[in-house]
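What follows is a single structure, written as structure tokens, with notes after it.
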Amino acid sequence: MRKKIVAGNWKMNNDYQEGMTLFSEVVHMVKAEVNSSTEVIVACPYIHLHSFGQMANGRIRLAAQNCHQAEKGAYTGEISVKMIESVGADFVIIGHSERRQYFNETNELLAQKVAIAIKQGLTPIFCIGETQQERESNRHFEVIREQLREGLFHLVKAEFQQVIIAYEPVWAIGTGLTASPGQAQEMHAFIRGEIAGVYNQEVADATSILYGGSCNPKNAPELFAQPDIDGGLIGGASLKARDFTDIAKVFNDRG
Ligand code: 13P
């Protein structure tokens, strides 16, 4: 069966010392409380990756929150896939709605980021999601299909099998409004169907699809009980070690 994954996206929070304190709490709690069958990932700011790599003890794996689409070169201020790998991270979030919205990242650009991440051995956590307006005008399936087709489906099967998908409805991010388990399940099943259509059912069944958007210890159990929801990408609640660990524990008694 596909992997159960709980990933924390810290976004632009915590200075160096605050980050060290939070991460060491997370390492302790996760080691003591979370079944090893649940993959726990922390996507921290770049400045933390190296130290966290030394502290993670092999239990928690690390992600960057972005990468540049070129291998290297004159791109002042940017960070390459190779640089991220060199400090011990295994994953990179690509296409988060905040990057699409505030940094004008298009599906075309994201396709390039996905391609270089895979080519150089980092696993993309590829985010897709519709806005409130798109859902209200009943265009949510169409938007998700377009994000998948333009951002991911250029990959050949062996490449696509490296990808983790995160469905994060924009209207649920940081708003306290969660998609209902039914709404999330409906979209996750749709995404899996799209994957099956382009690759095959076996590939679709093996792809981990995470839910993100106001996930917390209260709503995670019901969300993660849905058949096509394989875990979560957690924003605000990942900044509290107790809450994040409680979310990561949801799969403990579910085999
Ligand atoms: P919140 O959990 O704060 O809504 O953020 C979700 C998110 O954007 C994770 O990437």
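Note that the structure is predicted; figures quoted are calculated from it, not measured. Just so you know, ligand 1 is whichever comes first in the structure, and atom 1 is the first atom listed for that ligand.
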Full working for side-chain contact (heavy atoms from CB on, under 4.5 Å) between Phe141 and Glu186: CA-CA 10 Å; Phe141 292 116; Glu186 181 186 38; 3.7 Å; yes

Does Ile79 reach the side chain of Asn66, with side-chain heavy atoms less than 4.5 Å apart? no

Side chains of Pro124 and Phe91: closer than 4.5 Å at any heavy-atom pair? no

Counterpart residues, side chain to side chain contact (heavy atoms under 4.5 Å, CB included), relative to Arg149 (two or more places apart): Arg145, Phe153, Glu194

Would you call Glu105 and Lys113 a salt bridge, taking side-chain N to carboxylate O under 4.0 Å as the test? yes

Protein residues near ligand 1, heavy-atom distance below 4.0 Å? Asn9, Lys11, His96, Glu168, Ala172, Ile173, Gly174, Gly213, Ser214, Leu233, Gly235, Gly236

Are any of the side-chain nitrogens in Asp246 or Lys240 under 4.0 Å away from the carboxylate oxygens of its partner? no

